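Below, read A as the first sequence line, B as the second, and so on, with proteins coming before strands; counting in each chain starts at 1. Computed from a predicted structure; not experimentally measured.
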There are 2 protein chains.
Amino acid sequence: MRRSPTDVPLKLWVVLARAFDAVERHSRASIARFQLGTTEFGVLEVLYHKGELPVCEVQRRILVESSSTTYVVDKLVQRGLVRRRASGSDRRVTLLALTPAGRQLIARIFPPHAAAMRRAVGALPARQQAAALRLLRALGTGAAERLTAKEADHDHD
Amino acid sequence: MRRSPTDVPLKLWVVLARAFDAVERHSRASIARFQLGTTEFGVLEVLYHKGELPVCEVQRRILVESSSTTYVVDKLVQRGLVRRRASGSDRRVTLLALTPAGRQLIARIFPPHAAAMRRAVGALPARQQAAALRLLRALGTGAAERLTAKEADHDHD
DNA sequence: AGAAATTGTCTCGAAATCGAGATACTTGAT
DNA sequence: ATCAAGTATCTCGATTTCGAGACAATTTCT
């Protein structure tokens with residue numbers, strides 16, 4: 001339990017947070033050019049690439065809580081970029097899709113944003129990007145599994 | 001400029017965000033056990049490990065904006081965990097330090113939190129943790145440099 | 001079929017975070 | 001010595017995000 005001078009797990013967490021922060025600043029700045037917040041952009045982007053989706057599916061992909069998702073979607077609907085529609089098969093779910101205006105907007109701004117993000121991570125050579133991709137994928141899914149496992153613990157105690 | 005079916009940089013950004021989110025949930029949950037927010041914990045932790053520091057130094061390490069730092073420090077001062085003190089050498093700066101109560105608190109809760117974070121990233125074997133550490137460090141500093149470079153661009157145009 | 005647990009969405013109030021800018025001090029250039 | 005630019009901290013108002021929980025619909029279990 002004692003912390004050695006090089007406690008790799010703890011450092012990994014710090015460095016992960018710093019890397020995320022630095023790259024996210026690129027993302028924020030890039031998206032701000034288009035008068036959008038990152039979460040709003042996230043909704044538009046996922047609908048653009050995946051097509052019509054239930055709210056809960058969008059929520060999982062943009063990594064915010066459900067109440068925040070409702071809030072952001074409200075704004076996008078008011079702006080006429082997204083529309084809601086009841087699902088036929090499951091009457092709990094609301095399906096989200098881009099309006100023509102929304103599609104036009106995201107089609108226009110996605111490419112320059114993608115370019116900004118390529119630049120943001122571009123300090124890492126391609127080979128190392130691929131390595132980081134693999135490691136982060138394993139780290140993320142591993143951590144996520146351990147989260148749901150812990151929740152299960154709580155449930156039966 | 002066209003997006004190939006495997007656009008590594010873009011995927012890297014997505015996977016980075018997901019990994020950060022998953023690990024951060026562990027952190028949040030662990031810290032919530034002690035009735036603290038992550039930012040409050042961050043302040044206590046940095047003061048615990050680095051000793052008395054100027055506000056701006058703390059700010060840089062906890063990765064929030066200066067106005068948020070003031071807000072969080074206010075709360076910690078009100079709770080009697082941190083104290084402010086004017087610097088002798090530079091009259092702009094306020095130095096922050098733990099009170100005895102603050103030191104006692106963080107000394108008690110840091111070890112179990114560290115253990116939780118080791119578990120959070122523990123799905124990755126030690127060797128891969130070390131590799132991820134190196135790659136993320138390079139990614140983070142690279143992205144940060146490109147940020148300040150871009151700011152400089154804006155300044156002279 | 002009926003009860004219990006789960007899931008999907010939303011409401012509401014509270015908390016965290018930001019951004020712009022005010023103020024005071026320091027540093028660097030001329 | 002003065003002035004411009006930069007830095008440190010804080011204030012204030014607005015925005016974003018969360019958390020708890022309400023409610024309806026679905027699924028699972030018996």
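Between Phe110(B) and Tyr48(B), the ring-plane angle classifies as tilted under the 30° and 60° cut-offs.
Considering only side-chain N and O atoms, Thr70(B) lies under 4.0 angstrom from the phosphate OP1 or OP2 of dC10(D). Contact check, Ser67(B) against dT17(C): no side-chain N or O comes under 4.0 Å of OP1 or OP2. For dA8(D), the OP1/OP2 oxygens have a side-chain nitrogen or oxygen of Arg60(B) closer than 4.0 Å.
Rounded to whole angstrom, the span from the CD atom of Glu57(B) across to the C1' atom of dT9(D) amounts to 14 Å. Summarising the geometry, the separation between CD on Gln59(A) and P on dT7(C) is reported as 13 Å, rounded to the nearest angstrom. Atom CG of Leu53(B) and atom P of dA8(D) are 13 Å apart (whole Å). Atom CG of Leu63(A) and atom P of dT16(D) are 18 Å apart (whole Å). Between Leu95(B) atom CG and dC10(D) atom P there is a gap of 11 Å when expressed in whole angstrom units. In this structure, the NZ atom of Lys75(A) is 15 Å from the P atom of dA14(D), given to the nearest Å. Separating the OH atom of Tyr71(B) from the P atom of dA14(C) is a distance of 13 Å, rounded to the nearest angstrom. In this structure, Glu65(A) atom CD and dT11(C) atom P are separated by 17 Å, rounded to whole Å.
If Arg84(B) and Val72(A) are placed on DNA chain D by their nearest nucleotide, the residue sitting closer to the 5' end is Arg84(B). Projected onto DNA chain D by closest heavy-atom contact, Thr39(A) and Cys56(B) fall at different nucleotides, the more 5' of which corresponds to Cys56(B). The nearest heavy atom of DNA chain C to Asp90(A) and to Arg25(A) marks one nucleotide each, and the one closer to the 5' end goes with Asp90(A).
Across all strands, Arg28(A) comes closer than 4.0 Å to no nucleic acid atom at all (heavy-atom distances). Using a 4.0 Å heavy-atom distance criterion, Ser66(A) is classed as a base contact. If you check every strand for non-hydrogen atoms under 4.0 Å, Thr94(B) touches sugar and phosphate atoms only. Residue contacts shown for Thr69(B) are absent, as no nucleic acid heavy atom lies under 4.0 Å away.
No donor-acceptor contact under 3.5 Å links the side chain of Arg92(B) to the base of dT26(C).
Proximity note for Ser68(B) (side chain, C-beta onward) versus dC18(C), dT26(C), dT17(D): the nearest is dC18(C).
Annotation: the span from Arg118(A) atom CZ to Trp13(B) atom CH2 amounts to 14.5 Å, rounded to 0.5 Å. Distance check, rounded to the nearest 0.5 Å: CG of Leu136(A) to OG1 of Thr141(A) gives 10.5 Å.
Each of Leu16(A), Val14(A), Val15(A) was compared with Leu133(B) under the side-chain contact (heavy atoms from CB on, under 4.5 Å) criterion, and only Val15(A) meets it.
With salt bridges taken as basic N to acidic carboxylate O contacts below 4.0 Å, none links Glu57(A) and Lys50(A).
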